[in-house]
Amino acid sequence: MDRYNFKSTEEKWQKFWDKNKTFKTKKDLSKKKFYCLEMFPYPSGKIHMGHVRNYTIGDVLARFKRLQDFNVLHPMGWDSFGMPAENAAKENNLDPKEWTEKNISAMKTQLKRLGLSIDWDREISTCSPNYYKHQQLFFLELYDKGLVYRKENYVNWDPVDQTVLANEQVIDGRGWRSGAQVERKKLNQWFFNISKFSEQLLNGLNSLSEWPNKVKTMQKNWIGKSFGCEIDFRIEGDLPVKNIKCFTTRPDTLFGFSFLALSVDHPLSKHYENNQEFKIFKEECSKTGTTEESIAQAEKIGFKTNLQALNPFEPNIKVPVFFANFVLMDYGFGAVFGCPAHDQRDFEFAKKYKLNIKTVVRPKDKEDDFQVKDEAFVEEGLMINSSFLNGLKTPGEAIEKSIDYLTKNKLGNKKINFRLKDWGISRQRYWGCPIPIAYDENGDIVKVPKEMLPIKLPEKINLNTKGNPLDHQRKWKEIKINGKKCNLDTDTLDTFVDSSWYFLRFCSPENSEYGFDNEDIKYWMPVDQYIGGVEHAILHLLYSRFFMQALKFKNQNFISPEPFQGLFTQGMVCHQTYKDEKNKWVSPDEVFTENGKDYFKIKDKKKIIVGPSESMSKSKKNTIDPEKIMDQFGADAVRFFILSDSPPEKDVQWSEQGMIAAYKFIQKFWILHKEITKEIVNKKRTDKDMDLTIYTNKLIEKFTFSLEKFNMNVLIAYLHETYNFLSKEIKKLDIKDLEKNYTKILILMFPILPHLISECLNDIKNSNTISWPSARKEYLEDKYVNIVIQINGKKKSLIKIEKNLDDKDLLENVKKDKKVSNFIDKKRVFKHIIVKNKLINLIVK
RNA sequence: GCCCUCGUGGUGAAAUUGGUAGACACAAAGGACUUAAAAUCCUUGCCCUUUUGGGAGUGCCAGUUCGAGUCUGGCCGAGGGCACCA
């Protein structure tokens with residue numbers, strides 16, 4: 001018997017799909033649409049196992065929906081701007097454009113080899129002027145709507161390379177390339193006013209019922225809505241300052257007020273510009289970097305001013321004002337009122353600077369003389385030492401009452417605050433979308449007119465310059481707008497902007513007037529199922545949601561603003577890690593094992609230290625190259641394996657054994673298939689035996705159910721089960737409707753193993769128009785059912801019996817059962833519970 | 001510290017949502033076929049018993065229920081997210 005030749009078969013079908021444009025999609029209002037989208041890849045040059053998993057899951061779904069007669073949009077593109085291209089180009093003296101294009105063509109070939117059902121005619125690439133032209137127009141549109149603005153912001157600055165560093169380029173406070181101490185530097189940058197939509201972005205989460213709760217929770221926390229009030233503190237001291245505004249969620253603890261802390265970037269700091277000590281203090285603070293996390297890890301320090309703040313509840317009590325490193329200018333007003341007794345951070349600060357610690361909340365089970373000792377008391381409780389608040393429950397009553405008091409006395413107002421900050425979109429880099437803004441000779445902002453778009457990136461420029469590469473392009477920068485000489489902005493847009501609207505572009509990839517066509521997006525949007533890694537749970541997904549809000553803003557005709565109706569986040573692909581005796585990472589290709597426990601280096605037979613399984617990454621060298629695996633086992637086998645071992649939302653362990661098992665399954669299924677085809681043709685079977693019909697209908701039911709629930713690993717189990725069933729069944733003499741049932745089974749398998757099953761269906765010759773089968777209820781149950789017999793809730797026996805027997809007959813039959821009669825002999829059955837056609841529980845004493 | 005998720009054999013995992021725990025696969029041991037190997041197939045899998053059979057059992061402890069992997073409360077452990085957020 002011939003073995004299944006995956007190589008020629010897979011090539012054959014891929015060519016067939018390509019030639020016939022099988023997956024080309026057109027708008028068709030007569031059909032229900034299904035937009036299936038996987039997060040598009042960065043063209044690094046080679047696909048990795050994470051891509052294989054992501055795109056296989058999506059492809060199974062897309063093919064399934066197509067068989068269910070949906071009009072399926074399943075496109076693919078390239079997130080092709082970004083730093084790796086710029087870095088690679090710098091290192092090897094290449095052009096980022098050429099490097100990127102070469103990578104795209106290599107990866108496209110690899111993706112095609114996976115047998116994905118993609119409409120390649122809709123392919124887009126974000127680094128193409130055809131794409132970013134529209135992005136520049138969106139930028140201007142948002143600018144006109146007042147959703148883009150310019151402000152100063154801090155960045156990580158590498159003083160040696162004269163360049164801005166991304167957070168991941170800062171390692172232990174030093175630049176990754178130069179090793180120089182990174183500084184905080186203020187730069188003028190563009191911002192999207194995402195915080196304007198905080199409320200909408202938060203509320204929108206409620207409508208996303210097909211999103212994982214985990215992701216919704218993460219976004220909710222990120223947006224961070226908090227209820228409280230703003231308080232205007234009166235200030236006395238040696239400066240011409242009368243008030244400082246604070247935001248607080250705990251106005252109830254004002255009677256425990258013992259200091260006021262300001263951010264070093266607070267406007268008041270300008271009065272201390274010439275103060276040497278303050279300068280040193282501020283520098284100390286600036287070493288901590290710009291991320292919130294690095295600020296957090298620093299020790300709490302303060303700088304005492306000569307100012308005093310008055311307690312709004314008791315104006316005769318005055319407390320010191322500090323600058324402190326733990327106060328962030330970005331949040332609230334850059335000022336915090338400190339109540340050490342009921343905030344751990346304030347407590348530590350007060351201890352350090354020996355400030356007053358007054359207890360104003362007691363636990364419910366303690367007396368009124370309760371005093372905070374070793375740590376702040378932050379839980380619910382009752383108010384004490386707080387005049388008109390005494391005895392009230394807090395939070396809750398006490399907060400309400402204190403806000404009432406502040407409002408009545410014009411000392412403060414109820415306020416809702418969000419943690420979400422505006423989105424800084426300027427990047428001091430070459431390989432990104434140019435910002436369509438110029439500056440005239442006075443430095444005033446001039447919009448680039450629509451007709452002049454796109455502002456194209458200059459090609460083949462020298463990247464080994466200090467600072468921002470575009471800044472050196474004197475000719476490129478010069479632009480004449482309405483007869484005025486201007487200079488272009490030399491920053492480029494954050495690549496998250498590119499990916500915030502690409503799903504719209506896929507709906508009308510060829511529209512040259514605008515980023516999309518309104519009619520197209522009305523038909524295709526929202527994305528019915530979006531699939532990608534959980535690492536994008538916050539930024540990419542939130543930015544995309546913002547982009548939709550921004551397009552909808554002042555435009556009533558725009559579609560409903562949630563872009564992704566369904567979201568699925570798949571887990572990572574993991575592999576064991578290996579290290580040699582020098583503690584260097586070793587790749588799986590370089591090691592061998594005989595017993596599965598002890599590993600050795602192939603080269604010198606030296607022992608390898610086996611580390612824990614971790615997600616595949618180049619830096620740990622624990623990657624498996626999908627291309628090599630496809631050479632060895634074929635695309636169908638890889639698809640089969642990558643779905644088989646774990647539920648798709650969880651991490652999966654790469655296993656050589658598992659991969660081989662997948663390959664074997666395909667081989668043995670092919671042999672079985674040949675046998676079945678022969679049986680179909682040679683012997684006309686009579687139609688007495690219903691086993692296959694019942695099995696097939698049950699399979700259709702549970703297979704469809706699991707597929708819709710994304711339980712892909714269970715699907716694979718069903719396929720194994722089906723193989724086992726069929727290989728026994730085929731030995732029987734009588735099988736009813738073999739061809740009909742077998743064809744249905746093949747169609748179920750098709751989305752997972754498209755090449756193999758295309759070939760199989762081709763053999764049966766009725767595969768012209770295939771569609772997803774539906775189960776017929778009358779075949780779902782046999783005449784007989786298995787009834788579980790429990791005694792006092794414990795399983796004792798199992799009987800096969802006629803279906804739908806009435807309770808009396810059932811009970812009689814049950815009592816006849818040997819095992820049961822052994823048990824209930826001499827005992828009295830005083831109750832029984834029956835679950836129809838399933839179970840009977842006898843209660844005996 | 002706060003929030004979320006998850007704890008099931010040697011391993012990855014199923015369990016139709018409160019009704020046969022361990023489907024399916026990997027690994028292991030034993031066996032069949034074979035001169036032999038490979039491939040393939042079958043059996044086994046915790047405890048007691050020679051077998052028939054019986055018992056325990058889904059991280060731990062309680063509870064609800066005729067019946068709990070599934071529901072409730074507490075504890076222990078692992079993973080992820082957020083964070084001096086005022």
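So that the names make sense, note that chain A is the first sequence line, chain B the second, and so on, each numbered from 1. Just the heavy atoms: all of them, side chains too, but no hydrogens, waters or symmetry mates, feed the values below.
B:rU52: no Watson-Crick or G-U partner with both key distances under 3.5 Å is found in any strand. In this structure, B:rG1 and B:rC82 make a Watson-Crick or G-U wobble pair, each of the two defining distances being under 3.5 angstrom. When Watson-Crick and G-U wobble pairs are counted only if both distances are under 3.5 Å, B:rC6 pairs with B:rG77.
Rounded to whole angstrom, the span from the NZ atom of A:Lys214 across to the C1' atom of B:rC4 amounts to 9 Å. In this structure, A:Lys831 places its NZ atom 9 Å from P of B:rG67, rounding to the nearest Å.
Remark: A:Lys304 is not positioned above the aromatic ring of A:Tyr353, lacking an NZ or CZ atom under 6.0 angstrom from the ring centre and at most 45 degrees off the axis.
Here A:Asn724 reaches the OP1 or OP2 of B:rA25: one of its side-chain N or O atoms lies under 4.0 Å away. Applying the 4.0 Å criterion to OP1 and OP2 of B:rA86, one finds that A:Arg419 has every side-chain N and O outside that range. Contact annotation: A:Gln653 does not reach the phosphate of B:rG12 (side-chain N/O to OP1 or OP2, under 4.0 Å). Remark: A:Lys796 is in phosphate contact with B:rG55, judged by side-chain N or O atoms under 4.0 Å from OP1 or OP2. Using a 4.0 Å cut-off, no side-chain N or O of A:Asn711 falls inside it from OP1 or OP2 of B:rA14. The side chain of A:Ser644 places no N or O atom within less than 4.0 Å of a non-bridging phosphate oxygen (OP1 or OP2) of B:rA25. Contact between the side-chain N/O atoms of A:Lys650 and the OP1/OP2 oxygens of B:rG79 is not found at any separation under 4.0 Å.
One cannot find a donor-acceptor pair under 3.5 Å joining the base of B:rU16 and the side-chain atoms of A:Lys838.
In this structure, A:Phe337 and A:Phe233 have tilted ring planes: the angle between them lies in the 30° to 60° band.
Contact annotation for A:Leu839: base contact, defined as any heavy-atom pair under 4.0 Å involving a base atom. As judged by a 4.0 angstrom heavy-atom cut-off over every strand, A:Thr249 is placed among residues touching the sugar-phosphate backbone only. Counting non-hydrogen atoms under 4.0 angstrom, A:Lys702 reaches nothing in the nucleic acid.
Across the interface with RNA chain B, nearest-nucleotide mapping of A:Gly334 and A:Asn841 shows A:Asn841 to be the residue nearer the 5′ end. Along RNA chain B, the nucleotide closest to A:Leu798 and the one closest to A:Asn213 are compared, and the more 5′ of them pairs with A:Asn213.
Of the candidate nucleotides B:rC26, B:rU40, B:rC3, B:rU40 has the atom lying nearest to any side-chain atom of A:Lys664. The side chain of A:Lys795 approaches B:rA21 more closely than any other nucleotide in the set B:rA21, B:rA23, B:rG12.
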For this session: Show your reasoning for whether salt bridge (charged side-chain N to carboxylate O under 4.0 Å, His left out) applies to A:Glu649 and A:Lys214.
Result: CA-CA 12 Å; A:Glu649 69 275 12; A:Lys214 186 170 91 173; over 6 Å; no
